[in-house]
Amino acid sequence: MRLALDEARAAARGGDVPVGAVVLSGDGTTVLAAGHNEREATGDPTAHAEVLAIRRAAARLGEWRLTDCTLVVTLEPCTMCAGAIVQSRVDRVVYGARDDKAGAAGSLWDVVRDRRLNHRPEVVEGVLAAECAGLLTDFFRAR
């Protein structure tokens with residue numbers, strides 16, 4: 001989660017909402033890819049931290065299936081990112097702060113564990129939640 005927090009801080013420095021994500025190998029020891037929100041920087045509405053990290057991990061592995069991988073993200077994924085998580089076959093999602101307004105991994109919706117879908121990753125929530133939420137609160141307070 002520390003690397004994801006570093007990524008979130010990089011997003012804030014660039015004027016983007018401070019969300020950071022990291023994709024780890026199955027054993028959790030190798031960082032395959034990292035990303036942070038780049039919507040403001042790129043003008044791309046899909047440039048969420050999770051989507052960018054997933055794209056980069058797939059490119060590094062040379063395969064779209066991220067089986068045995070863990071996605072670590074500072075904020076609960078939205079519906080778009082939850083869809084990308086399911087489609088990429090990530091095995092585990094670890095996130096910090098809940099997103100009661102737009103979260104899709106257990107709070108507002110639970111897309112990633114919807115029994116109607118063919119893939120349902122494990123979800124671990126609340127890792128360094130206060131620190132992750134604090135970054136967001138500070139960012140929006142300053143705006």
Side-chain angles (χ1 to χ4, degrees), residues 1-140:
M1 185 63 77
R2 292 285 174 207
L3 182 53
L5 281 161
D6 290 344
E7 287 289 328
R9 290 182 189 97
R13 284 191 300 274
D16 271 288
V17 175
V19 178
V22 177
V23 177
L24 303 173
S25 62
D27 62 6
T29 61
T30 303
V31 174
L32 297 174
H36 58 266
N37 278 359
E38 295 181 15
R39 291 183 306 169
E40 297 297 332
T42 64
D44 178 355
T46 69
H48 287 207
E50 301 95 322
V51 170
L52 296 173
I54 287 169
R55 286 177 184 163
R56 292 168 184 159
R60 179 169 177 187
L61 293 174
E63 179 175 0
W64 64 268
R65 288 179 191 86
L66 299 182
T67 310
D68 294 327
C69 292
T70 297
L71 175 71
V72 179
V73 60
T74 57
L75 179 65
E76 180 181 359
C78 69
T79 54
M80 177 183 68
C81 294
I85 289 163
V86 170
Q87 292 300 315
S88 65
R89 309 298 194 267
V90 167
D91 276 355
R92 189 173 306 98
V93 178
V94 177
Y95 71 85
R98 286 177 58 94
D99 187 349
D100 292 325
K101 294 180 180 178
S107 60
L108 186 58
W109 295 288
D110 201 354
V111 172
V112 296
R113 291 180 288 199
D114 190 313
R115 294 191 181 277
R116 295 169 291 182
L117 299 175
N118 66 334
H119 179 74
R120 292 179 297 278
E122 172 189 358
V123 177
V124 178
E125 65 177 88
V127 177
L128 297 178
E131 189 170 350
C132 293
L135 278 177
L136 291 158
T137 300
D138 292 347
F139 177 81
F140 287 113

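Below, all heavy atoms of this structure are taken into account, side chains as well, without hydrogens, waters or symmetry copies. Residue numbers start at 1 and run along the sequence shown.
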Side-chain donor or acceptor of [X] paired with backbone N/O of [Y] under 3.5 Å:
{"X": "N37", "Y": "V17", "value": "yes"}
{"X": "S107", "Y": "D99", "value": "yes"}
{"X": "T74", "Y": "G96", "value": "no"}

How long is the span from the [atom1] atom in [X] to the [atom2] atom in [Y], to the nearest 0.5 Å?
{"X": "I54", "Y": "C69", "atom1": "CD1", "atom2": "SG", "value": "10.0 Å"}
{"X": "H119", "Y": "R65", "atom1": "NE2", "atom2": "CZ", "value": "11.5 Å"}
{"X": "D68", "Y": "L61", "atom1": "CG", "atom2": "CG", "value": "10.5 Å"}
{"X": "L71", "Y": "C81", "atom1": "CG", "atom2": "SG", "value": "8.5 Å"}

### E122/R92 salt bridge by N-O under 4.0 Å criterion
yes
| request: Salt-bridge test for E7 and R56: reply yes if a basic N is under 4.0 Å from a carboxylate O, no otherwise. | output: no
**Item:** Beyond-backbone contact of T70 with D91, side-chain heavy atoms, under 4.5 angstrom
**Value:**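 Result no, sub-4.5 Å side-chain heavy-atom pair not found.
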message = Side chains of V112 and P77, heavy atoms from C-beta outward: is any pair under 4.5 Å?
response =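 Counting from C-beta outward, V112 and P77 never come under 4.5 Å.
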inquiry  = side-chain contact (heavy atoms from CB on, under 4.5 Å), that's the test. Do N118 and R89 meet it? Break it down for me.
reply    = CA-CA 9 Å; N118 66 334; R89 309 298 194 267; 3.2 Å; yes
Please report the closest heavy-atom contact between [X] and [Y], naming both atoms and the distance.
{"X": "P18", "Y": "A12", "answer": "CB-CB, 3.9 Å"}
{"X": "W109", "Y": "E76", "answer": "O-OE2, 4.3 Å"}
{"X": "R39", "Y": "P45", "answer": "CD-O, 3.6 Å"}
{"X": "R55", "Y": "T46", "answer": "NH2-OG1, 3.4 Å"}
{"X": "R60", "Y": "T30", "answer": "NH2-CG2, 4.2 Å"}
{"X": "E50", "Y": "V19", "answer": "OE1-CG1, 4.5 Å"}

Across all chains, not counting sequence neighbours, the side-chain contact (heavy atoms from CB on, under 4.5 Å) partners of A57 are V23, L32, A33, L66
- Message: Quick one, D100 with L108, criterion side-chain contact (heavy atoms from CB on, under 4.5 Å). Give me CA distance, side-chain angles, the key distance, then yes/no.
- Response: CA-CA 6 Å; D100 292 325; L108 186 58; over 6 Å; no
By side-chain hydrogen bond (donor to acceptor under 3.5 Å, both in side chains), R9 pairs with (sequence neighbours left out) D6, E131
